[in-house]
Amino acid sequence: MNLRKYLIMGSQNCDRDPAFILELAIKAGITAFQFREKGAGSLKGNDKLELGYKLRNICAHHKIAFFVNDDIDLAEPLGADGIHVGQDDVSVEKLRARFPKKIIGLSVSNPTEVSNSPIQMANYLGAGPIFNTSTKPDAKSAVGVEWITTLRNQFPSIPIVGIGGITTQNAASVINAGADGVAVISAVTQANDITTAVQRL
Ligand code: 3NM
């Protein structure tokens, strides 16, 4: 599992063909991908499933990990390598019971969420939003890179990925604070030059 440059995306984030964006991003160095077809303008039902298959196959072809977000009913049909959940989604315990072998990622935004979560049952943590983001309308307020350092000190060996408002300009500060990787949407999907954006990350 290499979470160093973790692209998250659904069709609602794309002004170009998502498959085209994913292909370019992987060729430029993306190491993991999460299909997050969610929110305003997202596909539903069979259209969502079909796009999922397409993106899943691109990841398989290039041998990078494919995750689904909390949409767990997609995990099985798409043969996802892993599932990412937030605090309000299905619990990590239930997920682990249903999918013993899949990689489970869990979002944590503050110490209360950490205390209330079975951290050791997760395979990696998503920490954020590190910076302000306009991509997720219901995102909490920015917690800063200090949150990465706090988590790193508390959990020395669990992989941590920073998320939220990460750009080519600030990605290094996230890694320097102790993260194993950066998870981004707009830094890649909205880039004019996707190849250069991924390389700069
Ligand atoms: N989750 P961008 S922030 C999907 O804080 C998501 O848990 C977040 O998009 C969290 O890279 C976020 O464009 C959106 O800021 C990230």
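All ligand and atom numbering here is 1-based and tracks the order in the structure. Since the model is a prediction, treat every value here as computed from it, not as a measurement. Positions are given from 1, in the same order as the sequence printed here.
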Only one of Glu113, Gln87, His84 passes side chain to side chain contact (heavy atoms under 4.5 Å, CB included) with Leu106, and that residue is Gln87
Within this structure, what is the CZ-CD1 distance for the pair Phe35 and Ile83, rounded to the nearest 0.5 Å?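 Going from the CZ atom of Phe35 to the CD1 atom of Ile83 covers 14.0 Å.
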Could you work out, with side-chain contact (heavy atoms from CB on, under 4.5 Å) as the rule, every residue matching Tyr53, not counting sequence neighbours?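 Tyr53 satisfies side-chain contact (heavy atoms from CB on, under 4.5 Å) with Leu49, Pro77, Leu78 only.
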side-chain contact (heavy atoms from CB on, under 4.5 Å) involving Thr150 - partner list, sequence neighbours excluded: Trp147
CG/Asp88: more than 12 non-hydrogen atoms of other groups inside 6.0 Å: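 No, not enclosed.
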Sort out the contact shell of ligand 1: every protein residue with a heavy-atom distance below 4.0 Å, listed by chain and number.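 Ligand 1 is contacted, at a heavy-atom distance under 4.0 Å, by Arg36, Gly128, Pro129, Thr133, Thr135, Lys136, Ile163, Gly164, Gly165, Val184, Ile185, Ser186.
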Name the atoms and distances for all side-chain donor-acceptor pairs under 3.5 Å in residues 62-71, with sequence neighbours left out.
unit_1	atom_1	unit_2	atom_2	d
His62	NE2	Glu23	OE1	3.0
Asp70	OD2	Lys38	NZ	2.7
Asp71	OD2	Lys48	NZ	2.5

